Protein chains: 2
Amino acid sequence: MAKYRQIYEQLAEQMRNGVLEAESKLPSETELMHTYEASRGTVRKALDLLQEHGYVRKHHGKGVFVLRREQIEFQFNGIVSFSEVYASMLGRSIQTTVASFEEIEAPPWLAERMDLKPGTAMYRVERVRNFDGENVILDVNYFVKDLVPGLTKQIAERSIYEYVERELGLQISYAKRKIAAEDVTALDRMRLDLHDYEYVIVITNDTFLYEGRQFEYTESRHRLDKFQFSDVARR
Amino acid sequence: MAKYRQIYEQLAEQMRNGVLEAESKLPSETELMHTYEASRGTVRKALDLLQEHGYVRKHHGKGVFVLRREQIEFQFNGIVSFSEVYASMLGRSIQTTVASFEEIEAPPWLAERMDLKPGTAMYRVERVRNFDGENVILDVNYFVKDLVPGLTKQIAERSIYEYVERELGLQISYAKRKIAAEDVTALDRMRLDLHDYEYVIVITNDTFLYEGRQFEYTESRHRLDKFQFSDVARR
DNA sequence: AAGTTTAACTTATATAGACGAGTCGTGTCA
DNA sequence: TGACACGACTCGTCTATATAAGTTAAACTT
């Protein structure tokens, strides 16, 4: 492993287990050079990484300061599926059922949205999330077949993202999300236990690979009372 | 301005206006050294920044490649007030009225939430956002008086964040957000033009300074049909 | 006592050079 | 023809050194 990464790991570990206390000042770059027997550039690279990951804050002329634990825990506020957050948040698990799994040709609205040729081969997956005996979330995923080959209903029942990243080795770069309330549709009524709710909260999600190609479009439709979204925005 | 920042700006500009085309390969570090008369370290720092901001993708052994425009536009996914996004998104402006401005002592629920001593002096501000003649958003802010001294109704009518950052020089580190639907309250009915909507979308926002202290808690209450939240999550 | 200068610390920027490591095409050899 | 070695190119890491710029406190001046 690269030397600056080792320094990063060691310092990060010391902050996680409290050897380096929150609010305290780290040794200066010169001191760290000696303790780790590294050049200043290498030490600085480790410190930059620590700051990037939310462990410390550098202050020109003053020093490098350890941030509070609270801030550290949220260091990876990346792309997570909402049902996962949901499950971990409420401490109970969610039952997922694949309600529909089909191969389709991209309809015009989707081709336009994803910048694809109309008729591109896609997978379309409907998954229903059941929580405490009620169907409260409907996820509709569209995947570009060429980019996610070999997707099956069985995989969809577990975690599609695991398959995409671990099995296929695709690297996800970023996702655009939009959240808004929408009128309930016929599909919502069919799949979900809606009671009297007339609206659903819809999260649309466009996910892109590193090369810049979009491989997924998803709509996650939540019953009003079971919707929650948490987020940490860092400056 | 720092030299690596200048190089960054020039390259970024060339990518935005299409001089450097998407998917194309940037000149090698050695070439850039000569064109910008800089050392390799400086050129690399500019390239790292470009990658961090989503302009390019570096490939060990191959080169640095320009990403597609789409990815560039969303480079800043920081903390922005929702009304700002709202206004820029719809291309029209929002009228803000300060409906209430008072100094209070932190009630127990707030003291607990913000980890303050009960009775801490606070400002409480209610602001109503009017869009196309209808009051559709109600913002209720609570600020710690010690951390945001000298706040006035006049300032609240403009931008409180500007005051906090520019005038007071406070550095905002991160914000925790939560979005959920809630039943309409009496206050909502009083301040907003709710029509028949029985629910509002509530964004709660806890904002922290670099030292880790929380200086603000805000609830932003949106009429269902006027709520929208956009976001880009980067890995 | 109050303001100013200075010195000593901190991090930030820039340079130059060396070597490591991944990629790709070309030429050689079997 | 096919496998392999090599060279030339790319970015990645590390070192060493110099100078700039922000911060702080002590020393100095008024």
Side-chain angles (χ1 to χ4, degrees), chain A residues 1-12 15 20-67 169-171 173 210-212 235, chain B residues 1-12 15 20-67 165-166 168-171 173 209-211:
Chain A
M1 209 206 306
K3 201 172 187 175
Y4 76 90
R5 263 225 150 271
Q6 292 177 34
I7 300 175
Y8 163 84
E9 290 293 354
Q10 291 186 39
L11 289 172
M15 287 181 243
L20 286 169
E21 281 176 38
E23 319 273 299
S24 67
K25 190 163 89 73
L26 245 56
S28 74
E29 293 175 354
T30 325
E31 291 177 78
L32 290 171
M33 279 172 64
H34 297 134
T35 38
Y36 291 103
E37 288 178 327
S39 73
R40 186 139 171 262
T42 304
V43 169
R44 280 183 62 74
K45 213 164 167 183
L47 293 176
D48 287 346
L49 205 57
L50 284 168
Q51 167 156 289
E52 201 181 307
H53 288 183
Y55 281 94
V56 302
R57 176 91 196 139
K58 300 169 82 172
H59 282 284
H60 190 172
K62 294 210 275 197
V64 182
F65 297 86
V66 182
L67 291 179
L170 296 182
Q171 292 224 296
S173 170
Y210 269 127
E211 313 85 57
R235 274 244 227 240
Chain B
M1 211 205 309
K3 201 170 184 178
Y4 77 91
R5 264 226 150 267
Q6 291 176 35
I7 299 175
Y8 164 84
E9 290 293 352
Q10 290 185 40
L11 289 172
M15 287 180 243
L20 287 169
E21 280 175 38
E23 318 275 298
S24 68
K25 192 163 88 69
L26 245 55
S28 75
E29 294 175 352
T30 324
E31 291 177 79
L32 290 172
M33 279 172 64
H34 297 135
T35 38
Y36 291 103
E37 288 179 326
S39 71
R40 187 152 163 246
T42 304
V43 168
R44 280 183 61 74
K45 212 165 168 185
L47 293 176
D48 287 345
L49 204 57
L50 284 168
Q51 168 155 292
E52 199 183 309
H53 288 182
Y55 280 93
V56 301
R57 176 109 190 121
K58 300 169 83 170
H59 282 285
H60 191 174
K62 295 210 275 199
V64 182
F65 298 86
V66 182
L67 292 177
E165 297 211 282
R166 212 148 298 187
L168 297 178
L170 296 182
Q171 292 223 297
S173 169
L209 301 174
Y210 269 125
E211 314 84 58

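Quantities reported herein were computed from a predicted structural model and do not represent experimental measurements. Naming convention: chains lettered A, B, ... in sequence-line order (proteins, then strands); numbering from 1 in each chain.
- Each of dC14(D), dT10(D), dT10(C) was ranked by its minimum atom distance to the side chain of Thr30(A); first place goes to dT10(C).
- Rounded to whole Å, the distance from NZ on Lys3(B) to C1' on dA16(C) is 13 Å.
- Nearest to the side-chain atoms of Arg44(A) among the listed nucleotides dA12(C), dC11(D), dT10(C) stands dA12(C).
- Remark: Glu9(B) pairs with Arg5(B) by the salt bridge (Lys or Arg N to Asp or Glu O under 4.0 Å) rule, at least two apart or across chains.
- Note: OH (Tyr36(A)) to C1' (dC14(D)) measures 17 Å, nearest angstrom.
- Contact annotation: Thr42(A) side-chain N/O to dT15(D) OP1/OP2 distance is under 4.0 Å.
- With distances taken from any side-chain atom of Ala38(B) to the nucleotides dT15(C), dT10(D), dT15(D), the minimum falls on dT15(C).
- Taking CG from Leu32(A) and CD from Gln10(A), the interatomic distance works out to 11.0 Å, rounded to the nearest 0.5 Å.
- A donor and an acceptor atom sit less than 3.5 Å apart, one in the side chain of Arg40(A) and one in the base of dA12(C).
- Atom P of nucleotide dC11(D) and atom CG of Leu47(B) are separated by 8 Å, given to the nearest angstrom.
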Evaluate the criterion side-chain contact (heavy atoms from CB on, under 4.5 Å) for residue pair Leu49(B) and Lys45(B); output intermediate values, then yes/no.
CA-CA 6 Å; Leu49(B) 204 57; Lys45(B) 212 165 168 185; over 6 Å; no
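- Note on Lys58(B): a side-chain N or O is less than 4.0 Å away from OP1 or OP2 of dG12(D).
- Put simply, CE on Met33(B) is 12 Å from P on dC11(D), counting in whole angstrom units.
- For Gly41(A) and Gly61(A), each mapped to the nucleotide of DNA chain D holding its nearest heavy atom, the one lying further toward the 5' end belongs to Gly41(A).
- Judged by atom type and distance alone, His60(A) does not reach the base of dA12(C) through any side-chain donor-acceptor pair under 3.5 Å.
- The distance between atom OH of Tyr4(B) and atom C1' of dA20(D), rounded to the nearest whole Å, is 13 Å.
- Note on Ser28(A): a side-chain N or O is less than 4.0 Å away from OP1 or OP2 of dT10(C).
- Atoms CZ (Arg5(A)) and P (dA21(C)) sit 17 Å apart, rounded to a whole Å.
- Between Glu29(B) atom CD and dT13(D) atom P there is a gap of 11 Å when expressed in whole angstrom units.
- Computed from coordinates, the Glu37(A) CD to dA16(D) C1' distance equals 16 Å when rounded to whole Å.
- Lys3(B) places a side-chain N or O within donor-acceptor distance of the main-chain N or O of Glu37(B), the cut-off being under 3.5 Å.
- Expressed to the nearest 0.5 Å, how far CZ of Arg40(B) lies from CD of Glu29(B) amounts to 4.5 Å.
- Side-chain N/O atoms of Lys62(A) include none lying less than 4.0 angstrom from OP1 or OP2 on dT11(C).
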